Amino acid sequence: MNADAGDLVGERYRLGGRLASGPMATVWEAEDVELGRSVVLKFLGPAGNRDRMRREARAGATLDHPHICRVYDVGELDDA
């Protein structure tokens with residue numbers, strides 16, 4: 001996904017800075033403009049495995065611990 005700081009993703013998330021990038025995914029700091037909270041977005045790259053990401057998201061959504069980030073949303077975007 002080609003993105004820049006300040007871009008609005010999915011009509012909901014305003015990108016801040018890029019936190020990490022690798023062959024599997026890119027991670028961005030962002031703001032949920034609908035709920036006014038800070039979030040982190042993870043975008044899969046061409047080498048990313050969508051099924052694995054969905055399994056990780058489902059497993060992460062069941063966890064509640066101060067040292068593990070919560071999963072609020074999962075979805076796919078058209079990369080135009």
Side-chain angles (χ1 to χ4, degrees):
M1 174 176 168
N2 295 326
D4 294 308
D7 286 355
L8 190 63
V9 176
E11 300 179 12
R12 181 169 183 174
Y13 303 104
R14 174 101 34 221
L15 295 179
R18 186 180 308 196
L19 298 174
S21 186
M24 299 287 285
T26 301
V27 180
W28 286 81
E29 172 186 27
E31 177 192 3
D32 180 338
V33 296
E34 205 169 302
L35 298 177
R37 65 179 166 198
S38 294
V39 297
V40 174
L41 301 179
K42 184 175 186 179
F43 298 100
L44 292 181
N49 182 311
R50 283 175 172 66
D51 291 334
R52 179 179 172 192
M53 178 59 69
R54 286 200 181 278
R55 283 193 308 271
E56 288 179 10
R58 283 190 195 108
T62 65
L63 302 174
D64 185 21
H65 189 277
H67 297 282
I68 300 173
C69 66
R70 289 194 174 125
V71 176
Y72 292 111
D73 193 8
V74 63
E76 292 188 33
L77 297 171
D78 291 330
D79 191 8

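The shown structure was predicted, so the numbers you read here are calculated from the model rather than taken from an experiment.
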### Task
Taking atom CZ of Arg70 as the centre, report whether more than 12 heavy atoms of other residues, nucleotides or ligands fall under 6.0 Å from it.
no
### Query
Going by atom types alone, do Asp73 and Tyr13 pair a side-chain donor with an acceptor below 3.5 Å?
yes
### Query
Judged by atom type as modelled, is there a donor-acceptor pair below 3.5 Å linking the side chain of Arg18 to the main-chain atoms of Trp28?
no
### Closest non-hydrogen atom pair between Gly60 and Val71, with its separation
C-CG2, 3.9 Å
### Nearest-0.5 Å distance, CZ of residue Arg54 to CG of residue Leu44
9.5 Å
### Task
State the OG1-CG distance between Thr26 and Leu41, to the nearest 0.5 angstrom.
11.5 Å
### Message
Are Val39 and Leu15 connected into the same hydrophobic cluster when the rule is that any two of I, L, V, M, F, W, Y join if their side-chain heavy atoms are below 4.5 Å apart?
### Response
yes
### Summary
Closest non-hydrogen atoms of Phe43 and Leu77, given as atom of the first, atom of the second and distance, are CE2-CD1, 4.0 Å
### Summary
dist Lys42:NZ -> Met53:CE (nearest 0.5 Å) comes out at 3.5 Å
### Summary
Ala5 and Gly16 have their tightest heavy-atom pair at CB-O, 2.9 Å
### Summary
Closest non-hydrogen contact found for Asp32 with Arg12 is OD2-NH2, 2.8 Å
